[in-house]
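In this chain, numbering begins with 1 at the start of the sequence shown. Counting starts at 1 for both ligands and their atoms, following the listed order. These numbers come from the heavy atoms of this one structure, side chains and all, not from hydrogens, waters or symmetry mates.
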Amino acid sequence: MRLGPDVILPDTVQVPRYDRAAQAAGIVHFGIGAFHRAHQAAYTDAAMNAGDRNWGIIGVSMRSGDVAARINPQAGLYTVTEQSAAGARTRLIGAVQRILVAPHDVPAIAAAIGSPAVHIVSFTITEKGYTQTADGTFPAFCAVLADGLERRQAAGLGGVTLICCDNLTAGGALLERLMEQYLARCRPALAAWFTEHCACPSAMVDRIVPAPTLSDQLIAPGLEDHGAVVTEPFGQWVIEDCFAGNRPRWEAGGAQLVADVRPYETAKLRMLNGAHSALSYLGLKYGHMFVHQAIGDPAIRLLIDTLMRQEAAPTIDAAAGQNLDAYADALLARFANPALNHRLVQIAMDGSHKVPQRWLETLAIRQQRGLESPALLTAIAAWIDHLRTGGAALNDPRAAELTKAVSGPSAAAQLFGPGGLVRSEWVPSSSEIATINYALA
Ligand code: NAI
Ligand code: CS2
């Protein structure tokens with residue numbers, strides 16, 4: 001049997017406490033993958049459980065109809081299962097109403113964004129989803145979003161809050177800049193309205209959500225949920241408190257609204273994600289498949305500990321009450337979660353879009369301070385190894401250029417040197433290159 005509104009669930013499953021049919025949609029979300037379903041949609045569901053109304057989510061898929069085919073036949077319903085050594089806990093999420101797929105549903109997507117009930121447009125389109133192509137073409141969402149915003153402008157409605165929930169540094173400012181550039185070039189009549197009426201807060205988002213597998217779909221004996229996601233019990237969402245209009249009380253799910261997200265964002269990117277990428281490339285090199293296996297390897301664990309505590313943490317200006325040593329302890333425990341099969345290849349993908357904010361910002365700061373970074377340089381060597389050995393399986397939009405760049409003896413310089421493939425403030429010194437080459441030998 002397939003999950004749906006009329007299916008009776010086991011008593012152990014927590015279900016929505018609000019009348020789903022009575023909710024207007026208040027959020028349009030681009031990139032309704034596993035992470036959004038386990039994170040922002042769960043916080044929104046918690047806000048509605050706490051009494052907020054009209055924060056239903058319309059999901060948008062820009063690239064394939066797969067998630068729509070999974071979730072629309074279930075009337076938007078799906079489950080989130082938290083897994084840890086202590087056991088599993090399943091919750092039915094009612095916040096998602098339906099999923100639209102571009103390019104087929106573009107008019108409906110624009111109409112949704114143009115609706116007076118909608119106040120938030122959010123994004124989890126992966127790090128690479130915000131890049132312009134070499135010929136200057138903007139990501140496809142810019143045009144669809146502009147169509148919707150034009151309707152708001154024409155109807156005299158207020159603006160919306162755009163929230164980037166991808167693992168990027170200052171994602172809000174990045175999204176704002178991208179939209180401003182797009183509008184200036186393609187929809188000049190909307191540009192000033194956008195700047196005046198819309199807001200783009202930055203956010204730190206955190207919850208480890210492995211790509212769902214077929215076996216995750218069997219949520220109870222004889223009951224299949226094609227939209228099921230499995231995650232860890234932990235979740236964190238720190239949002240810059242600057243909204244264009246109304247928002248759900250995401251605090252009901254534990255979100256924090258703050259004036260400045262940077263200390264949380266840099267700690268998360270440089271420590272959690274920095275460690276994750278290092279675990280992926282080193283773990284794969286030493287024959288591991290999952291994060292919990294890689295962190296159980298004593299040599300890798302020592303390097304990850306050093307990367308987080310000795311190398312990344314000292315580059316972070318912590319907020320009052322933010323304890324980076326305790327954060328590192330908690331991250332090590334989360335990585336070791338034996339119940340979560342988080343594949344290293346999932347983290348290893350798209351390295352060219354991840355490495356800059358995860359490693360290179362830290363390396364640049366440490367280099368300016370005259371500090372050595374042996375753990376990060378070993379991680380860089382493991383990435384180079386991964387690029388060299390990946391072949392056709394290499395999962396990165398820049399795979400061809402990267403493979404070529406690392407084929408010779410000066411791989412580090414080709415990647416990070418002046419005019420190198422990966423832009424950053426960090427240009428490796430000759431002694432840093434020697435350390436990388438030593439690790440590669
Ligand atoms: P997913 O693969 O389930 O979903 C990715 C979504 O992004 C899909 O809707 C896909 O169509 C869309 N997408 C992919 N490439 C795109 C492109 N070039 N342009 C536009 N849309 C594109 O992945 P998941 O787990 O939902 O993760 C998505 C992002 O969420 C991550 O890249 C990361 O930035 C962020 N995130 C993920 C976490 C996780 O543990 N899975 C936790 C924290 C943040
Ligand atoms: C991971 C992240 O896939 C990756 O690159 O490092 O998605 C990680 O699981 C999340 O950021 C955890 O919040």
Under 3.5 Å: N/O of V205 near N/O of ligand 1 = no
Looking at atom 41 (N) of ligand 1, what's its closest protein heavy atom, distance included?
-> V209 O, 3.1 Å
The atoms of ligand 2 lying under 4.0 Å from a heavy atom of K268, numbered in the order shown, are 10 (C), 11 (O), 12 (C), 13 (O)
Could any protein non-hydrogen atom be found less than 4.0 Å from atom 23 (O) of ligand 1?
-> no
Could you list the donor-acceptor pairs under 3.5 angstrom formed by side chains in residues 393-403, with sequence neighbours left out?
residue	atom	partner	partner atom	Å
D396	OD1	S352	OG	2.7
D396	OD1	R398	N	2.9
D396	OD2	G351	N	2.9
D396	OD2	S352	N	2.9
D396	OD2	S352	OG	3.2
R398	NE	E401	OE2	3.1
R398	NH1	L421	O	3.0
R398	NH2	E401	OE1	3.2
R398	NH2	L421	O	3.3
T403	OG1	A399	O	2.7

Numbering the atoms of ligand 1 from 1, which are under 4.0 Å from a heavy atom of G129?
-> 17 (C), 18 (N), 19 (N)
Is the closest basic N to carboxylate O distance between R37 and D45 below 4.0 Å?
-> no
Is H342 in contact with ligand 2, taking contact as a heavy-atom separation below 4.0 Å?
-> yes
Can a salt bridge be assigned to the pair D305 and R301 using a cut-off of 4.0 Å between side-chain N and carboxylate O?
-> no
Got the closest protein heavy atom to atom 3 (O) of ligand 1, with its distance?
-> A34 N, 2.9 Å
Between K354 and ligand 2, find which residue part has any heavy-atom pair under 4.0 Å and reply side chain, backbone, both or neither.
-> side chain
Ligand 2 contact on N167 by region, counting heavy-atom pairs under 4.0 Å | side chain
Closest non-hydrogen contact found for R270 with Q357 is CG-O, 4.0 Å
Heavy-atom proximity to atom 17 (C) of ligand 1 ranks first, among H36, K128, R63, E232, for R63
How far is atom 13 (O) of ligand 2 from its nearest protein heavy atom, and which residue and atom name does that atom have?
-> D206 OD1, 2.5 Å
Which heavy-atom pair separates A405 from L415 by the least distance, and what is that distance?
-> CB-CD2, 4.2 Å
Gap between atom OG of S280 and atom CG of N273 - 0.5 Å precision | 11.0 Å
May I ask you to check whether N167 has an N/O atom sitting below 3.5 Å from an N/O atom of ligand 1?
-> yes
Return the option from T124, V229, L272 holding the heavy atom at the smallest distance from atom 6 (C) of ligand 1.
-> T124
Exercise: identify the closest heavy-atom pair between D147 and R187 = OD1-NH2, 2.8 Å
Have a look at L331, L340, N273 and point out the one with the heavy atom closest to atom 2 (C) of ligand 2.
-> N273
Under 4.0 Å from any heavy atom of R207, which atoms of ligand 1 are there?
-> 38 (C), 39 (C), 40 (O), 42 (C)
Name the closest protein heavy atom to atom 5 (C) of ligand 1, giving the residue it belongs to and the distance to 0.1 Å.
-> T126 CG2, 3.9 Å
Should R334 be counted as touching ligand 2, given the test is an N or O pair under 3.5 Å?
-> no
Qualifying residue for side chain to side chain contact (heavy atoms under 4.5 Å, CB included) with F35, from V205, T231, D166 | V205
From the options G33, P139, G31, select the one whose nearest heavy atom is closest to atom 1 (P) of ligand 1.
-> G33
Under-4.0 Å heavy-atom contact between protein and atom 11 (O) of ligand 1 = yes
So, for W193 and C198, which heavy atoms are closest and what is the spacing to 0.1 Å?
-> CZ3-SG, 3.9 Å
Only counting residues at least two apart or in another chain, list the ones meeting side chain to side chain contact (heavy atoms under 4.5 Å, CB included) with A228.
-> T79, I219, D225
Given that the side chain starts at C-beta and the backbone is N, CA, C, O, which of these parts of D166 lies under 4.0 Å from ligand 1, counting heavy atoms, or is it both or neither?
-> both
Ion pair R89/E82, N-O distance below 4.0 Å = yes
Going by the 4.0 angstrom heavy-atom rule, the piece of I32 near ligand 1 is backbone
What distance do I304 atom CD1 and M308 atom CE have between them, rounded to the nearest 0.5 Å?
-> 7.0 Å
Give a yes/no verdict on whether any heavy atom in R358 is under 4.0 Å from an atom of ligand 2.
-> yes
Is a salt bridge present between E311 and R366, judged by a nitrogen-to-oxygen distance below 4.0 Å?
-> no
What protein heavy atom is closest to atom 6 (O) of ligand 2, reported as residue, atom name and distance in Å?
-> H276 ND1, 2.8 Å
Would you mind checking if R247 and D52 are paired as a salt bridge, meaning a charged N to carboxylate O distance below 4.0 Å?
-> no
Can you measure from NE2 (H342) to NE2 (H276) and round to the nearest 0.5 angstrom?
-> 5.0 Å
Counting from 1, what ligand 1 atoms have a heavy atom of I208 closer than 4.0 Å?
-> 40 (O)
Heavy-atom contact under 4.0 Å between E127 and ligand 1?
-> yes
Please confirm whether M62 comes within less than 3.5 Å of ligand 1 when only nitrogen or oxygen atoms on both sides are compared.
-> no
Got a second to check how far R70's CZ is from R2's CZ, nearest 0.5 Å?
-> 8.5 Å
If you scan protein heavy atoms around atom 26 (O) of ligand 1, the nearest is F35 N, 2.9 Å
